[in-house]
Structure formats: structure tokens, C-alpha cells
Amino acid sequence: MEKECKVARTGCIGTCSVGPAVLVEPGDYLYQSVTPDKVREIVRDHIVLGLPVKDMLYKNEAYFQKQHRLVLRNAGKIDPSRIQDYISAGGYSALAKCLATMTPQGVIYEVVTSGLRGRGGAGFPTGQKWSLVARSHNTPKYIVANLDEGDPGVFANRTLAEADPHAIIEGMLIAAYAIGAEKGYIYIRSEYPLAIQTLQKAIAQAKAMSLLGEKILETSFKFDLELRFGAGAFVAGEETAILASVEGRRAMPRPRPPYPANSGLWQKPTLIQNVETLANIPLIVQNGGHWFSKTGTPKCTGTKCFSLTGKISNPGLIEVPMGITLREVVFDIGGGVPDGKKFKAVLVGGPSGGCLPETLLEIPIDYDSLTKVGAIMGSGGIVVIDEDSCMVDTARFFTEFCVDESCGKCTPCRAGLARLKEVFDKITHGQGEMSDIATLEKSGVYIRDASLCGLGQTAPNPVITTLRYFKDEYVKHIVEKQCVAGKCFKTRDEEELE
Amino acid sequence: MEKDDKQRIMLEKVLKEHNYQESALLEILHRAQEIYGYLDKDLMMDISGSLNLPPSHVYGVVTFYSFFKLRKSGEHVVTGCLGTACYVRGVEQIMEAIEQEFKLKRGGSTADGKLSLLLTRCIGACAMAPNIVVDDEVIGKATKEVVTQKIREVLGGVKAET
Ligand SMILES: Cc1cc2nc3c(=O)[nH]c(=O)nc-3n(C[C@H](O)[C@H](O)[C@H](O)COP(=O)(O)O)c2cc1C
């Protein structure tokens with residue numbers, strides 16, 4: 001008996017805890033923790049005899065049930081190294097539609113209607129940003145796709161680039177058409193070699209098919225695309241810093257205005273957009289802004305990708321509609337805390353996000369609700385912390401990160417964060433005093449309010465939220481010299497020994 | 001000497017590819033580091049001359065970004081991921097075990113230059129945390145035992161001292 005079966009490499013399916021994973025179609029049969037021996041069994045029973053091997057199938061249905069995959073529509077389904085696969089899945093038809101039937105203003109209108117907001121952290125309305133750049137008469141104009149993904153604990157943009165690079169490229173092309181740009185850069189961090197390779201290949205294929213370069217799809221539209229590599233600086237993801245870095249300089253933020261929309265790369269109008277934002281664009285053009293706005297909440301439409309990590313049963317990359325609650329994400333999709341441990345906190349928004357306690361798990365995930373409780377959407381990091389972690393040490397860890405990554409240009413961030421860290425070192429070494437709590441609170445607010453860029457403005461979030469929601473742990477450290485997690489108070493000798 | 005010339009030819013090719021544009025400085029530094037392994041003073045002077053940039057500019061850029069190395073690393077390189085997920089899942093204990101067993105500090109190398117221990121902020125494999133990279137091989141869900149064993153292996157059976 002002979003059967004034809006296509007074997008393809010795809011991007012990440014998102015179930016990182018049970019890799020390697022194999023998907024058999026038709027029917028979406030997902031096999032988990034596959035080994036060479038298991039492959040033999042799958043081929044024999046499933047492919048040849050048509051009997052799925054039940055006990056090897058991925059069992060956690062809830063993991064996918066609550067997800068809504070728009071941005072990750074092709075992840076795990078197509079071979080990212082083949083542009084033909086992307087095209088067969090409907091790729092580049094949105095671009096064709098724009099060029100054939102839509103005016104640049106018409107495209108911007110759909111993006112405005114969609115309600116799409118930037119996925120890189122700040123949540124600025126995308127359509128509005130496009131209008132600003134489009135209105136400028138200063139040329140040439142540029143686009144920078146932000147794939148710096150500097151937040152530790154986050155890998156959604158990497159996965160997107162590795163699984164569906166053309167979605168990013170098509171999004172950039174449509175944006176370029178709408179705002180009148182002829183040149184774009186994808187700024188990608190050098191820690192992502194596979195994503196870089198995948199994008200390089202995708203760009204070459206798009207060029208070969210006249211989807212990039214001159215006379216795109218036989219029209220007068222032209223657009224050229226280059227990669228630029230980061231070099232390990234968190235602040236380089238900030239929008240004015242990324243411009244300096246693309247120009248080959250130190251990634252130091254500068255005050256705004258002027259905004260990049262008016263004066264960006266080489267003082268020309270520049271659109272800076274996160275790659276996840278861009279990957280939404282082809283769908284919006286294809287199905288209309290109104291269609292898109294029906295997903296999510298009225299003020300926060302669409303979906304968001306989250307990297308779910310830490311002490312959680314099902315870590316991985318998920319995409320959920322805006323407005324889903326944190327509890328659904330952590331417990332229904334994530335499966336809660338493993339090993340019978342107790343949930344303590346969830347850190348939302350990366351190293352400058354907020355540490356939220358269990359009582360806040362019912363809040364919906366959207367930009368405004370998260371900001372209200374002291375967290376941020378950031379680039380979509382959700383890290384679950386269990387009873388084994390000390391909240392004081394956690395806040396110290398993030399502060400240390402921000403001290404390291406502060407570019408040093410403005411004093412509140414440079415000196416203020418260093419001061420916070422000193423206080424943390426005191427407390428975690430058993431020399432804390434009650435007045436330290438007030439110092440942390442006050443300095444945190446100063447740094448937040450007085451810093452030049454988003455790094456300093458959000459860096460105190462972990463400190464402020466742990467003080468707000470877990471103050472008892474600080475008091476225990478200071479008064480009783482006790483750390484509930486047994487992490488702190490190593491003497492210097494003990495540290496040497498370890 | 002011969003090897004040096006070859007490296008210089010490769011660098012010249014890279015410079016030419018980028019049209020000696022100063023905006024390509026980061027790309028050029030990346031490639032130069034690939035070719036030479038690290039960026040020492042002579043190399044930075046060379047690049048600054050080729051791009052017609054002040055040496056202070058090149059040095060400023062190199063020292064700003066943590067990816068660029070000013071010194072040669074050890075023969076083998078172990079990199080600990082200090083991302084949030086790795087931190088929550090206990091990468092610190094593994095780093096301490098490595099430092100103790102192989103007698104080096106993070107950011108440094110062993111006295112014999114065989115092993116360097118570096119840090120990175122995140123390699124983006126957070127679902128597999130904690131992660132340690134031993135000579136380009138990512139060890140996910142790492143434990144002290146597995147990592148120190150692996151390092152002993154790459155070092156070629158160097159005896160562990162306890
Ligand atoms: C310290 C800092 C780091 C940032 N890092 C990133 C990043 O890695 N990726 C990203 O897309 N945006 C990052 N941002 C946000 C950008 O400044 C900018 O808002 C975003 O790229 C705009 O694109 P969007 O509107 O599509 O979100 C960062 C901001 C700050 C303050």
C-alpha cells in the first residue's frame with residue numbers, strides 16, 4: 001500500500017512544554033514529546049493505517065480553546081522557508097488588493113476603523129500614526145519594523161519571524177504604500193540567529209518575485225527592505241533609540257518632540273512599528289477594519305500574543321483576544337502552577353511591568369486596565385511566580401536589570417535606579433530599616449515622573465507594585481529579618497562559599 | 001601573519017559591501033567580531049579610519065552594546081541566560097555551581113583561558129527555562145548536574161574539584 005505524505009518544517013506551534021511537536025493533517029492531530037521511535041509508530045498507525053495514536057496526542061484542549069489566532073494564523077501550518085506556502089495560504093493578496101483597488105487614504109481609513117493599537121508596548125493607535133506620517137510632505141520617508149524584543153522573558157516576535165516572516169514583510173509593504181515610504185529596515189536583535197536567517201531568506205524570495213524592489217506587482221510602487229542588527233541593548237527598542245541604532249550610533253533616546261513621524265531616520269518622517277502590529281495589517285486590509293474591530297473589546301480591539309513562562313504548567317506562546325482575564329490565561333490556558341505549589345504573583349509586562357497578586361486575576365487584559373493596576377502591556381510577557389520566590393528579591397532583580405540597561409543619559413534613571421538598588425541590597429542583606437520603604441516609594445515615583453524615556457518611566461513599576469501588593473514581605477525582611485522564600489540574608493561568607 | 005592578512009581581506013569585503021557607510025557601523029562591527037573573534041584597539045582604529053569616523057565614536061558604540069567584546073574569550077564559552085523566566089526557574093544556582101566548580105567569575109575566564117562564563121539577558125527560549133548555552137548548544141530545562149557535566153565534557157575530561 002502506498003500513500004503520499006508531505007513532510008514539512010514549520011514554525012513554532014506554541015506548545016513549548018511538550019516539544020518536539022508534530023502536527024498531522026488533515027484533522028489537526030498534534031503529537032507531543034515526539035522521539036524517533038514514536039515517529040515510527042505514528043507513520044505506521046496514523047499515516048498508513050489511518051488510526052491516530054491516541055496516547056501520544058496533545059491532550060490539553062483548553063490550551064488552544066481559549067486562544068484566537070490571527071497574528072499566528074500561519075504559525076505551525078506553513079513552511080516559513082517557502083514563499084509559495086505563504087501565498088497559497090492567501091499571503092500577499094492583501095497587498096495586491098491595496099495596489100489594485102485601494103488608495104493610500106483608503107488603506108489608512110481601514111486601519112483607523114480597525115482600532116488596532118501598537119503591540120510594542122505603548123498602545124498608540126496605529127491608524128493615527130500612519131496618518132501623521134502620510135500627511136508629511138518631507139521625503140524620503142522610512143519604516144522601521146521593531147523586532148528588538150528586548151524584554152527578557154518574551155519570545156513572541158521571535159516566534160512570529162521564525163514561523164511567518166512574510167506576514168511581517170507584507171505588513172510593511174502595505175504600510176509603505178499607505179504612508180508613501182520607499183525604504184524600510186527591520187531592526188532585529190542579534191540573539192535571534194534563526195529568525196535572522198528566516199527573514200533573510202524571506203526577503204530574498206520576495207525580491208525574486210518582485211514583491212520587493214522596483215515595480216512591485218507590475219505597478220509603479222517600489223519598496224526596499226534591509227535588516228539591521230541589534231547588539232544587546234534593551235533600550236535600543238525605544239523608538240528614538242532605535243533610530244540612533246539604525247543610523248549606526250549608540251542607542252540613546254532623545255526627548256520628543258520632534259516625534260519620529262515628523263523627524264525620524266536622518267531627520268525624515270519615519271514610521272516605527274512593532275512586528276506583531278504589522279502582521280495584523282494584511283488581515284485588516286483583506287477583511288476590513290470593521291471585521292477586525294469585532295474581536296477584543298471596543299477600546300482595545302484584536303488579539304495579543306503572550307509569552308507565558310515561569311512557574312506554570314503549560315509554558316508557551318499564546319494568542320488571545322484582548323479583554324480575556326488574567327485568570328483565564330494563567331489557569332485555563334496555562335494550567336496553573338505545577339508541582340502542587342501555591343500561586344503567588346504574576347508579572348505582566350516584562351522587567352518594567354507590575355507584579356500582580358491573585359486578587360487581581362479577574363481584571364481583563366487590555367492596555368488601560370493593566371496600567372490602572374500598575375502593570376503594563378509591554379511586549380506581552382507573563383511570568384508566573386509561585387511561593388518559592390521572594391517578592392523583594394524579584395523587585396531587586398528587575399531593578400538590577402534596569403540599572404544595567406539604563407543608557408545613562410538622564411539622571412533620574414541613571415542615579416535614581418542605582419539608589420533603589422542600593423536600598424534593595426541593604427534590605428536583602430538584613431540591614432534594612434523601616435524608613436527604607438518610604439525611600440523606595442518616593443524615589444520610585446520620582447524616577448517614574450522625571451525620566452526621559454519609557455525605560456526610566458516604567459522601571460520603578462515592579463518596586464511600586466510589590467510595595468503596593470506585597471508590603472508584608474518587605475516588613476518581614478526589615479523587622480524580622482525573615483524571607484518567606486528563604487532567598488535572602490545570605491551573609492557575604494555564604495555567598496563566597498556558593 | 002598570513003592569517004591576519006586573510007582576516008583583513010575579509011573585513012575589506014565587508015566594508016565594501018556596505019559602501020563604507022557610517023550608518024552600517026553596527027553591521028560592520030558584527031561581522032568584524034565574527035572574523036576576528038573580538039574587537040581590539042587596532043581593529044577599532046582600522047574601522048574608524050575606513051569609515052572616516054572618529055575613533056571615539058567607534059569605541060563609544062562598541063562599549064555601549066553588550067554584544068561586542070573587547071577581549072578574547074576562552075576557548076569554550078558558557079553563557080547563562082539571565083532572563084526573567086530563567087531567573088524565576090533558578091538559573092542563579094546553576095551559575096553559582098559553575099563559578100564554584102570551574103573557579104571563575106561571571107564575565108571572566110579561567111586562569112588557563114580555556115573557559116569563559118558570560119551572561120546574556122535573554123535568548124528567548126523562555127518556555128524551556130532555565131537555559132544555559134555551552135559553546136552554541138542551548139541546554140534547556142538545565143540543572144546544575146547536567147550543565148557542569150556538559151562543561152566537563154567540552155573541556156575534555158578536566159577533573160572536577162570538590
Ligand atoms: C525601554 C524600551 C524598550 C522597548 N522595546 C521595544 C521592543 O523591543 N519592541 C517593540 O516593538 N517596541 C519596544 N518599545 C516600544 C517602542 O518605543 C515603540 O513604542 C514601538 O516600537 C512602536 O510600535 P507599535 O506602535 O507598533 O507598538 C520599547 C520602549 C521602551 C521605552
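Chain letters run A, B, ... following the sequence lines, proteins first and then strands; every chain starts at 1. Below, each value reflects all heavy atoms present in this structure, side chains not excepted, and no hydrogens, waters or symmetry copies.
Interface remark: R250(A) contributes backbone and side-chain atoms alike to the contact with chain B (heavy atom separation under 4.5 Å). Interface residue I312(A): only backbone heavy atoms are found under 4.5 Å from chain B. Only the side chain of V235(A) comes within contact range of chain B, judged by heavy atoms closer than 4.5 Å. For D404(A), the part lying under 4.5 angstrom from a heavy atom of chain B is the side chain only. Both the backbone and the side chain of A251(A) come within contact range of chain B, with heavy atoms under 4.5 Å apart. Looking at V383(A), the atoms closer than 4.5 Å to chain B (heavy atoms on both sides) all sit in the side chain, from C-beta outward. For chain B, no part of T159(A) is nearby; none of its heavy atoms comes within less than 4.5 Å.
Each of L25(B), L26(B), L53(B) has some count of heavy-atom pairs under 4.5 Å with chain A, and the biggest count is that of L26(B). Options A231(A), G153(A), C16(A), G248(A) differ in how many heavy-atom pairs under 4.5 Å they form with chain B, and the most are formed by A231(A). Among G232(A), G19(A), G408(A), the residue making the largest number of heavy-atom pairs under 4.5 Å with chain B is G232(A). Interface summary for chain A: among G60(B), A129(B), C86(B), the most heavy-atom pairs under 4.5 angstrom belong to G60(B).
Under the rule for a side chain to side chain contact (heavy atoms under 4.5 Å, CB included), P20(A) has no partner lying at least two apart in sequence or in another chain. With sequence neighbours left out, K183(A) forms a side chain to side chain donor-acceptor pair (under 3.5 Å) with E226(A).
Note: N60(A) CG to T15(A) OG1 = 9.5 Å, rounded to the nearest 0.5 Å.
Sequence neighbours left out, the pairs with a member in residues 80-99 of chain B that pass ring-ring contact (aromatic ring centres under 6.0 Å, His included) are F397(A)-Y87(B).
Electrostatic pairing of K13(B) and E17(B) does not count as a salt bridge here, judged by no charged N lying under 4.0 Å from a carboxylate O.
Of the possible donor and acceptor atoms, one in the side chain of N314(A) sits under 3.5 Å from a partner among the backbone N and O of I333(A). Judged by distance alone, the side chain of N146(A) and the main-chain N or O of G237(A) form a donor-acceptor pair under 3.5 Å. Using modelled atom types, one side-chain atom of S48(B) and one backbone atom of M45(B) make a donor-acceptor pair closer than 3.5 Å.
Residues from residues 187-194 of chain A that place a non-hydrogen atom less than 4.5 Å from a non-hydrogen atom of chain B comprise Y187(A), R189(A), S190(A), E191(A), Y192(A), given in numerical order.
Aromatic rings of F401(A) and F234(A) (six-membered ring for Trp) have centroids within the 6.0 Å cut-off, being under it.
No more than 12 heavy-atom neighbours from other residues, nucleotides or ligands sit within 6.0 angstrom of OH on Y59(B).
For the pair S389(A) and V88(B), the tightest heavy-atom approach, listed with the atom from each and the gap, is OG-CG1, 4.3 Å.
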